[in-house]
S.K.: 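Below is one structure. I have some questions about it.
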Amino acid sequence: MEFFDVAWRLLAVLVAFLTLPLLVGQTEHKVMAHMQGRVGPMYAGGFHGWAQLVADGVKFAQKEDVVPAAADRRVFQLAPAVALVPYLLVLIAIPIAPNGVVGQVVDAGIFFVLAVLGVGVLGQVMGGWASANKYSLLGGMRTAAQLLAYELPLLLAAASVAMAAGTLSLPGMLESWQWWWLPWQLIGAFVFFTAGIAELHRPPFDAPLAPEEIIFGPLTEYGGLRFALFMLAEYAGIVVISALTAVLFLGGWHGPFADQLGWLWMLLKTAALCFLVIWMRVAWPRLRADQIQRFAWTCLVPLALFQIALTGVVKVVFL
């Protein structure tokens, strides 16, 4: 029975990993089209262009797999998997509902999740370094610099929740979570969510991929299915960052009738944050590379340190 229980949990995580990023991608196409007042693809599938994402997948699959002659072939081919697989591992540790509805309970879950997330970003660094292209290399270096700048506020913001809950386990944090945590953890939520979006190189933090400056950064030499894997990794990252923000700061499955509808509250909170990520792409202009670095070190890091100090005060006085 234990074997079937583990197999069922892993299968559920795999299905979520293969479907949720695609739903986010399709939603982004449609939401951006409506926000920008344009129709977009409306004919594939017959109803509102629902099959356009399938058509894009077929297009990627039909393209030739090209590796630059001067590239480091093995690293070049491995980079898309390094960018994608860590998000699958993170989903295993994210609790969906009460009573142990999680792929696998990890005692130091927050450490595990943040460590694996850092590995995922390295996929683009590997791709940029191995491509034998100066624009790819420059994009890879920008990616590395952005990872270093935003990893610190991400860790500090998550640490404030661990301090408040008194545990490193994600299900344990949700068990300890109270609704009145929302106002005084709001700064940490802003820092964590913003730093996560920056690590994914989503607008307005997409200078490493800016086509006006460096073609497409570390992904310039990629095409076909390998490029599609990088895009899938981006959408999987949106799901993971949104789900982690919901768990750490918004109470995850907490809500009315949590025992029966906890999974629904978790999905609704994650979906709302995914929508916010899409909205940011449409609403905000791209920041320059120097502005991205300045924002991390002069804004997010001090805010994260202030949140930790505030959490310490609240922990001593009220908890």
Side-chain angles (χ1 to χ4, degrees), residues 17-18 21-22 24-25 28-29 41 52-90 115-151 196-241 281 286-293:
F17 178 73
L18 294 176
L22 297 180
V24 172
E28 181 172 60
H29 291 165
Q52 183 61 42
L53 208 62
V54 178
D56 290 340
V58 173
K59 176 190 69 175
F60 282 126
Q62 291 177 334
K63 287 188 174 182
E64 182 181 2
D65 181 19
V66 178
V67 179
D72 187 327
R73 179 175 292 269
R74 290 186 178 180
V75 177
F76 184 88
Q77 294 174 337
L78 183 62
V82 174
L84 180 61
V85 172
Y87 296 115
L88 172 61
L89 299 179
V90 171
V116 174
L117 280 179
V119 174
V121 182
L122 293 179
Q124 290 193 10
V125 180
M126 293 171 58
W129 179 84
S131 294
N133 179 302
K134 61 182 179 181
Y135 297 107
S136 298
L137 180 61
L138 179 58
M141 293 302 99
R142 285 186 175 183
T143 296
Q146 196 158 313
L147 169 64
L148 292 174
Y150 284 88
E151 191 72 12
I197 297 305
E199 286 199 359
L200 294 176
H201 308 111
R202 290 286 302 183
F205 305 101
D206 59 337
L209 305 176
E212 294 84 0
E213 298 183 37
I214 48 178
I215 310 179
F216 207 56
L219 310 184
T220 298
E221 297 292 348
Y222 283 92
L225 282 178
R226 298 189 195 281
F227 179 79
L229 289 178
F230 274 116
M231 293 296 98
L232 183 61
E234 178 181 332
Y235 291 123
I238 294 174
V239 174
V240 166
I241 291 297
R281 177 173 181 175
R286 176 183 295 124
L287 298 175
R288 299 193 311 267
D290 63 300
Q291 292 174 326
I292 291 175
Q293 293 292 321

S.K.: Just to verify, what does E234 make a salt bridge (charged side-chain N to carboxylate O under 4.0 Å, His left out) with, not counting sequence neighbours?
M.R.: R202

S.K.: Can you pull the side-chain hydrogen bond (donor to acceptor under 3.5 Å, both in side chains) pairs that have at least one residue in residues 68-80, sequence neighbours excluded?
M.R.: none

S.K.: Which pairs pass side-chain hydrogen bond (donor to acceptor under 3.5 Å, both in side chains) with one or both residues in residues 115-129, sequence neighbours excluded?
M.R.: Q124-H201

S.K.: Quick one: list whatever passes ring-ring contact (aromatic ring centres under 6.0 Å, His included) with F230, sequence neighbours left out.
M.R.: Y222

S.K.: Quick one: pull up CZ in R226 and CE in M231 and give me the separation to the nearest 0.5 Å.
M.R.: 15.0 Å

S.K.: Which atoms form the tightest heavy-atom contact between S131 and P218, and what is the distance?
M.R.: OG-O, 4.1 Å

S.K.: So how far is it from L219 CG to T143 OG1, rounded to the nearest 0.5 Å?
M.R.: 8.0 Å

S.K.: Not counting sequence neighbours, which residues clear side chain to side chain contact (heavy atoms under 4.5 Å, CB included) with A149? List them please.
M.R.: Q293, A296, W297

S.K.: Test of understanding: with salt bridge (charged side-chain N to carboxylate O under 4.0 Å, His left out), list the residues that count as partners of D290, not counting sequence neighbours.
M.R.: R288, R294

S.K.: Please enumerate all residues that pass side chain to side chain contact (heavy atoms under 4.5 Å, CB included) together with K63, with sequence neighbours excluded.
M.R.: K59

S.K.: What pair of heavy atoms forms the shortest contact from A207 to R142, and how long is it?
M.R.: O-NH1, 3.2 Å

S.K.: Which pair of non-hydrogen atoms, one from Y235 and one from E28, has the smallest distance, and what is that distance?
M.R.: OH-OE1, 2.6 Å

S.K.: Kindly write out the residues that satisfy side chain to side chain contact (heavy atoms under 4.5 Å, CB included) with L22, not counting sequence neighbours, or none if the list is empty.
M.R.: L53, L232

S.K.: Y87: what forms a ring-ring contact (aromatic ring centres under 6.0 Å, His included) with it, not counting sequence neighbours?
M.R.: none

S.K.: Which value, rounded to the nearest 0.5 Å, describes the distance between I197 atom CD1 and D206 atom CG?
M.R.: 11.5 Å

S.K.: Do side-chain atoms of E199 reach the backbone of L117 as a donor and acceptor pair under 3.5 angstrom?
M.R.: no

S.K.: Heavy atoms only: give me the nearest L287-I292 pair and the separation to one decimal.
M.R.: CB-CG1, 3.7 Å

S.K.: Any idea which heavy atoms bring A79 and G123 closest together, and the distance?
M.R.: CB-O, 3.4 Å

S.K.: Taking all non-hydrogen atoms of both residues into account, name the closest pair between G118 and L147 and its distance.
M.R.: O-CD2, 4.2 Å

